[in-house]
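Notes to accompany the following structure.
Every chain is numbered from 1 and lettered A, B, ... according to where its sequence line falls, protein lines coming before strand lines.
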Amino acid sequence: MKDQLAHHIDAALSELLAAAGDEAAAPDYTLEVPRQAGHGDFSCNAAMLLARRLRRAPRAIAEQLLERLGDAGGLLEHGEVAGPGFINLRCRPESWQGLVPSIVRAGPAYGRCDFGQGRRVQVEFVSANPTGPLSSGHGRQAILGDCIARLFDYCGFDVTREYYFNDGGRQMRVLGESVKARYLEVLGKAATPSEALLKDSAVEWPEQIDGLPVVFPRDGYQGDYIRDIACRLVDERGEALIDEPGDGEFREVAQREIFADINRTLDSIGIHFDVHFNERSLYEDGKLDETIADLRAKGLVYEAEGAVWLASQKLGLDRDRVVIKSSGEPTYLLPDIAYHREKLRRGFDLVVDVQGADHIEQFPFVRHAVGALGYEMDRIELVMHQFVTISEKNERVKQSTRLATFVTVDELVSDVGTDVFRFFMIERKPEGHLDFDLDLAKDRNWRKNPAFYVQYAHARTYGIERKAKAADVAMPGHDGFDPGRLVLSTEIELVKKLGEFPEMVRRATEIREPHHVAYYLRDLAGLWNPYLQDGQQHRVLSEDEGLSAARLGLVLAVRHVLRSGLDLLGIAAPERM
RNA sequence: GCGCCGGUAGCUCAGCUGGAUAGAGCAUCAGGCUUCGAACCUGAGGGUCGGGGGUUCGAAUCCCUCCCGGCGUGCCA
């Protein structure tokens, strides 16, 4: 609807400019739904943008534009100049009503577009190293990344969901050492420092506790899951691993088991990856050596203080950074550069990294280094998100990764279920903090929950269908009703909202902000539930067969859009609740 | 110190490339179930859009500055 209208306005504008002898391009005007219902269905600001250029009063320009626009090929009922020079347009009811059968006909395809044109996009997200269960922050990223991927898919991109994990670094060694420490402790061969001792970084650790050597790594992982893994190792292998290094079998077993848990968690919230990319493969394929060599050939690395540095200042960044430590080991930056080059080599037209706020500092370095290697760095994009805080009884719950006092995805999901979890996590714009209200989440009274509100709106469309079936009334096909019977203002409002869906989806995709979908669904449900509730004024099912059919058509249109929106968020669209 | 992100109703937050009288949910208060699902609906109160300056027909939105909060600023990942 809006697109058609814009088309007519474009034509009128170029006519007007030509008549005025102005050959420059038409201004980038807006055509938007005004807040005030009295301002019509759409409001256009083109005349005000032209005022200075044409050296004429905006209202006069608006009048002329309106004259040239006419009825816009039959779409318009009325147009007027208002305020400082707005052009307010009201569409004929038929223009809106006609949307209903077209939505019913399109069904699940309504709102889809080919904006992506089959371009290949990779969305990398979660990418948590397997050192412990997924935290609430990972959970947010998981939902955000997944919903962005769903939007891309919906808009005609060829999407790959990718999980990158680092199994070569110090983190994983510390993990292995932590498991070994617990293992020895369980066997009575070593002591683990008390929790209080571990927390107090100011205190010197004893070398022995009760005559047993202390082997727990100072920054080791302290969660119960570490002890669980150690206990299983004791059960299965007894004392056979006492002389194994922490970095060997302990690390491998821990990694395998924790990764299995992570995947189980992701599966429980409906998230699946197409590719798991392993950092170690970059070492094995010689990609790190190649990257260093190529950077060196470009004069972008140098040696100093026993380390190898990336000359990122030459790329316009504020400082240089180490890529290979004096120990000979790469920092995380080098594999990241190699990895991102591989992404582009693999043929992705667009690469979207979803990362937490604590992780973005190095992004410009990766991007510019890849650019310097001859790849289009504009194809690499970052979606940053802030952290999740958990509130309980009006207080923030303190979280620490090292002490394993963070709230896990598993805990949240078991409290609120997948659908509510997903809705809460996607409801906020990514760059803002997200406060997860645990009291509300744990509250048995989930009636006030927006996720249920939207699902309920969807379920009600089936409630009516069941009612119709009981009354032996069939649901109409797209050409089985006269949309002209939908004349109530509430019905027209609903149709207008349905008409916004495609543009909303496209915009959310373009700016990588899925939360707009959640807000749209709340708005639509906020029109639909009252419409159904007001059964004393009007009913969908009545003696008037034609009217019933038209309203059932509206039921179907609303259902399709609610369903598509819920699908975009990965939330179930139940037929009854 | 510097960089990034936030500051909008009591609370949690929307607000599209600058648009007309700033919105939603929760909370509070007052109402509504013999009728398509009350997991709902109707109504009310509640705001100096952190402060100050600037840009222009027009600013929550853009620019400058200050204040507050989060994160970062490692040869940690």
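Looking at A:Y339 and A:E279, their side chains never bring a donor and an acceptor atom within 3.5 Å of each other.
When each of B:rU42, B:rC75, B:rG37 is scored by its nearest atom to the side-chain atoms of A:R460, the top-ranked nucleotide is B:rG37. Out of B:rC36, B:rU17, B:rG37, the shortest distance to the side chain of A:D28 is found at B:rU17. Listed nucleotides B:rA20, B:rU73, B:rU17 differ in distance to A:R507; the shortest reach to its side chain belongs to B:rU17. In the set B:rA77, B:rC5, B:rU73, the nucleotide with an atom closest to the side chain of A:Q386 is B:rC5. Minimum atom distance to the side chain of A:L49 is reached by B:rG19, of the listed B:rG6, B:rG19, B:rG37. Between B:rG37, B:rA14, B:rG19, one nucleotide has an atom nearer to the side chain of A:Y519 than all others, and that is B:rA14. Between B:rA20, B:rU12, B:rC75, one nucleotide has an atom nearer to the side chain of A:R428 than all others, and that is B:rU12.
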Discussion item. What verdict does the side-chain contact (heavy atoms from CB on, under 4.5 Å) test give for A:R559 and A:H458, after you've listed the backbone C-alpha separation in whole Å, the side-chain angles of each residue and the deciding distance to 0.1 Å?
Written reply: CA-CA 6 Å; A:R559 176 192 294 172; A:H458 178 267; 3.8 Å; yes
Discussion item. Between A:R506 and A:E510, does the salt bridge (charged side-chain N to carboxylate O under 4.0 Å, His left out) criterion hold? Intermediate values first, please.
Written reply: CA-CA 6 Å; A:R506 177 169 171 155; A:E510 282 173 336; 3.2 Å; yes
Item to complete: Run the numbers on A:L524 and A:F501 for side-chain contact (heavy atoms from CB on, under 4.5 Å), then give the verdict.
Response: CA-CA 10 Å; A:L524 178 55; A:F501 183 67; over 6 Å; no
Worksheet item: Should A:E545 and A:R485 be marked as a salt bridge (charged side-chain N to carboxylate O under 4.0 Å, His left out) after you check the CA-CA gap, both sets of side-chain angles, and the distance that decides it?
Response: CA-CA 11 Å; A:E545 285 180 21; A:R485 301 297 304 275; over 6 Å; no
Discussion item. Applying ring pair (Phe, Tyr, Trp, His ring centres under 6.0 Å) to A:F363 and A:H359, what does each step give before you reach the verdict?
Written reply: CA-CA 8 Å; A:F363 184 77; A:H359 237 260; over 10 Å; no
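Both A:I360 and A:A357 sit near RNA chain B, but only A:I360 has its closest nucleotide nearer the 5' end. Residue-to-nucleotide proximity on RNA chain B shows that, of A:E32 and A:D318, the 5′-proximal contact is made by A:D318.
The nucleotide B:rG1 finds its pairing partner in B:rU73, both defining distances of the Watson-Crick or G-U wobble pair being shorter than 3.5 Å. B:rU34 makes up no base pair with any nucleotide shown, lacking Watson-Crick or G-U wobble contacts both under 3.5 Å. The partner of B:rU28 is B:rA44, by the rule that a Watson-Crick or G-U pair needs both atom distances under 3.5 Å. A 3.5 Å limit on both hydrogen-bonding distances identifies B:rC68 as the Watson-Crick or G-U partner of B:rG6. In a base pair of the Watson-Crick type (N1 to N3 plus N6-O4 or O6-N4) or a G-U wobble (N1-O2 and O6-N3), with each distance short of 3.5 Å, B:rA60 is matched with no nucleotide. When both pairing distances are held under 3.5 Å, B:rA20 makes no Watson-Crick or G-U pair with any nucleotide shown.
Nucleotide B:rC16 holds its C1' atom 13 Å from the CG atom of A:L31, rounded to whole Å. When rounded to the nearest whole Å, the span between NE2 of A:H433 and C1' of B:rA14 equals 18 Å. Here the P atom of nucleotide B:rU35 and the NE2 atom of A:H538 are 16 Å apart, to the nearest Å. Between the CZ atom of A:F165 and the P atom of B:rA77 there is a distance of 17 Å, rounded to whole Å. The interatomic distance linking A:Y453 (OH) with B:rC13 (C1') rounds to 17 Å, in whole Å. Atom pair A:H138:NE2 and B:rA77:C1' shows a separation of 11 Å (rounding to whole Å applied). Taking atom CG on A:L434 and atom C1' on B:rC11, their separation rounds to 15 Å, with Å as the unit. A straight line from CZ of A:R522 to P of B:rG15 spans 12 Å, rounded to a whole angstrom.
Residue side chain A:T131 does not reach the base of B:rA77 through any donor-acceptor N/O pair under 3.5 Å, judged by distance alone. Put simply, the side chain of A:S327 and the base of B:rC75 share no donor and acceptor less than 3.5 Å apart. At a cut-off of 3.5 angstrom, the base of B:rC40 holds at least one donor-acceptor pair with the side chain of A:Q533. A donor-acceptor contact under 3.5 Å is formed by the side chain of A:N88 with the base of B:rA20.
Using atom C1' as the reference point in both B:rG3 and B:rG19, the two lie 33 Å apart (nearest Å). Nucleotides B:rA27 and B:rC40 have their P atoms positioned 11 Å apart, rounded to a whole Å. Taking atom P on both nucleotides, B:rG43 is separated from B:rG58 by 36 Å, rounded to a whole Å. A distance of about 11 Å separates the C1' atoms of B:rG6 and B:rG50, rounded to the whole Å. Here, B:rU61 and B:rG46 have their P atoms 24 Å apart, quoted to the whole Å. Nucleotides B:rC36 and B:rC41, compared at atom P, are 16 Å apart to the nearest Å. Using atom C1' as the reference point in both B:rC26 and B:rC62, the two lie 33 Å apart (nearest Å). Remark: the separation of the P atoms in B:rG69 and B:rC75 is 28 Å, to the nearest Å.
Just one residue in the list A:K2, A:K496, A:R90 forms a salt bridge (charged side-chain N to carboxylate O under 4.0 Å, His left out) with A:D41, and that residue is A:K496.
Using a 4.0 Å cut-off between charged side-chain N and carboxylate O, A:R507 and A:E32 make no salt bridge.
Under the stacking criterion of a centre-to-centre distance below 5.5 angstrom and an interplanar angle below 30°, A:F86 sits stacked against the six-membered ring of B:rA20.
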